Amino acid sequence: MTQIELIRAGHDYAFDSIDESGVITKMDTKPEMGGVGYGARPMGLLLNALAGCASIDILSILKKRKQEITDYKVTVNGERQSGKEPSLWTEIFMTFSIDGDVDRLSAKKAIDLSLDKYCSVAATLRAAGATIKYELILNGQ
């Protein structure tokens, strides 16, 4: 079982979340709700988690396929329900930018395997109704 401990960090809605390894994640809410810019917003952390989860899978798969990656970046954009509480993610678009001696088909297959099979965060977001789409930019193209 995973354990997270959350403690208030001196402001109304500023928090430090500490995982079982001692890693601290700073959280806050948006300024309109009293946030002070202390940390990430919780719903944004879901997009961070998606990028991280998928990237671990993708880089692992490409490494096993002996693909040489020199640079890697993921950009995630998300759209939430409007006028509803809770306001869930409905549409998520990811851009994977990969540079190196990497075969396009291998990169696409790695992304598909991650998003459709291995990434638990992607599966969780889909189960909540989100659609996840992506584009691959390989060596600037």
Side-chain angles (χ1 to χ4, degrees), residues 1-82 84-141:
M1 176 180 282
T2 300
Q3 180 176 324
I4 302 292
E5 179 181 63
L6 183 129
I7 57 174
R8 197 168 179 196
H11 297 284
D12 288 346
Y13 306 109
F15 304 102
D16 287 333
S17 174
I18 305 153
D19 73 9
E20 56 209 9
S21 298
V23 175
I24 298 171
T25 301
K26 297 179 179 304
M27 285 185 273
D28 198 355
T29 191
K30 55 189 172 185
E32 311 76 269
M33 291 184 62
V36 293
Y38 179 77
R41 296 183 191 143
M43 286 298 284
L45 287 172
L46 286 173
L47 299 183
N48 284 335
L50 174 62
C53 180
S55 294
I56 290 167
D57 295 338
I58 292 162
L59 293 173
S60 174
I61 291 166
L62 291 174
K63 184 177 181 179
K64 287 176 188 168
R65 293 183 179 188
K66 306 213 183 307
Q67 303 293 297
E68 296 292 327
I69 298 166
T70 58
D71 201 14
Y72 178 89
K73 180 175 88 171
V74 180
T75 303
V76 183
N77 291 289
E79 196 68 42
R80 290 173 65 183
Q81 295 168 318
S82 61
K84 288 185 87 175
E85 290 296 333
S87 176
L88 305 180
W89 293 113
T90 56
E91 295 181 28
I92 299 169
F93 188 78
M94 305 177 78
T95 301
F96 293 91
S97 300
I98 303 173
D99 291 329
D101 188 13
V102 179
D103 175 68
R104 181 171 292 278
L105 188 58
S106 292
K108 184 173 177 356
K109 186 159 184 105
I111 295 168
D112 289 338
L113 281 169
S114 175
L115 295 178
D116 296 337
K117 184 175 182 181
Y118 296 122
C119 179
S120 299
V121 178
T124 300
L125 288 165
R126 278 201 182 97
T131 302
I132 302 171
K133 296 181 181 176
Y134 75 88
E135 73 174 326
L136 168 62
I137 299 172
L138 185 60
N139 295 314
Q141 300 185 26

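What you see below is based on every heavy atom in this structure, not just the backbone, and it leaves out hydrogens, waters and symmetry mates. Everything quoted here is computed from the prediction, not taken from an experiment.
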Fill in the blank from the handout: For Leu45 and Ala40 the tightest heavy-atom approach is CD2-CB, 3.7 Å
Validation: residues 50-62 side-chain donor-acceptor distances under 3.5 Å, sequence neighbours left out:
{"unit_1": "Ser55", "atom_1": "OG", "unit_2": "Ala51", "atom_2": "O", "d": "2.7"}
{"unit_1": "Ser55", "atom_1": "OG", "unit_2": "Tyr72", "atom_2": "OH", "d": "2.8"}
{"unit_1": "Asp57", "atom_1": "OD2", "unit_2": "Ser114", "atom_2": "OG", "d": "3.0"}
{"unit_1": "Asp57", "atom_1": "OD2", "unit_2": "Cys119", "atom_2": "N", "d": "3.3"}

Fill in the blank from the handout: One should read off an interatomic distance between Ile132 CD1 and Leu47 CG, to the nearest 0.5 angstrom, of 9.5 Å
Handout entry: Side-chain (Ser97) to main-chain (Ile137) donor-acceptor, under 3.5 angstrom
Key = no
Completion exercise
The reported gap from NZ in Lys108 to CG in Leu136 (rounded to nearest 0.5 angstrom) is 8.5 Å
Handout entry: Approximate separation, where rounding is to 0.5 Å, of Ile18 CD1 and Thr25 OG1
Key = 9.5 Å
Fill in the blank from the handout: Note: Met33 and Tyr13 closest approach over all heavy atoms is O-CE1, 3.2 Å
Exercise for the section: Could you tell me whether the side chain of Ile92 reaches within less than 4.5 Å of the side chain of Val76, counting heavy atoms only? Expected result: yes
Handout entry: Heavy-atom neighbours of Glu32 CD exceed 12 at 6.0 Å
Key = yes
Exercise for the section: Say whether, by atom type as modelled, one donor and one acceptor occur between the side chain of Asp28 and the main chain of Arg41 under 3.5 angstrom. Expected result: no
Exercise for the section: Kindly check if the number of other-residue, nucleotide or ligand heavy atoms within 6.0 Å of CD (Glu20) is above 12? Expected result: yes
Problem - Modelled atom types, side-chain donor and acceptor of Thr131 and Glu91, under 3.5 Å - result: no
Practice task
Please assess Arg126 against Leu115 for the test side chain to side chain contact (heavy atoms under 4.5 Å, CB included), listing each intermediate value before the final yes or no.
Solution key: CA-CA 10 Å; Arg126 278 201 182 97; Leu115 295 178; 4.3 Å; yes
Problem - Pairing of Asp103 and Lys66 as salt bridge, 4.0 angstrom limit - result: no
Problem - Intermediate values then yes/no, side chain to side chain contact (heavy atoms under 4.5 Å, CB included), Thr75 and Lys73 - result: CA-CA 7 Å; Thr75 303; Lys73 180 175 88 171; 4.0 Å; yes
Handout entry: With Asp16 via side chain to side chain contact (heavy atoms under 4.5 Å, CB included) - residues at least two apart
Key = Ile7, Ala9, Ile24, Lys26, Tyr38
Handout entry: Worked verdict on Leu113 versus Lys109 for side chain to side chain contact (heavy atoms under 4.5 Å, CB included)
Key = CA-CA 6 Å; Leu113 281 169; Lys109 186 159 184 105; 4.2 Å; yes
Fill in the blank from the handout: Contacts satisfying ring-ring contact (aromatic ring centres under 6.0 Å, His included) that involve residues 120-141 (not counting sequence neighbours) are Phe96-Tyr134
Completion exercise
In this structure, CE of Met27 is separated from CZ of Arg8 (nearest 0.5 Å) by 14.0 Å
Handout entry: Trace of the side chain to side chain contact (heavy atoms under 4.5 Å, CB included) decision for Phe93 with Glu135
Key = CA-CA 8 Å; Phe93 188 78; Glu135 73 174 326; 3.8 Å; yes
Exercise for the section: Rounded to the nearest 0.5 Å, what's the gap from CD on Glu79 to CG on Leu88? Could you check? Expected result: 13.0 Å
Exercise for the section: For Val102 and Asp99, work out which heavy atoms get closest and say how close. Expected result: CG2-O, 4.5 Å
Practice task
To the nearest 0.5 angstrom, please state how far the OG atom of Ser106 sits from the CZ atom of Arg65.
Solution key: 5.0 Å
Completion exercise
Between Ile98 and Ala107, the two heavy atoms sitting closest are CD1-CB, 4.2 Å
Exercise for the section: Might you confirm whether atom CD of Gln81 has over 12 heavy atoms from other residues, nucleotides or ligands at distances under 6.0 Å? Expected result: yes
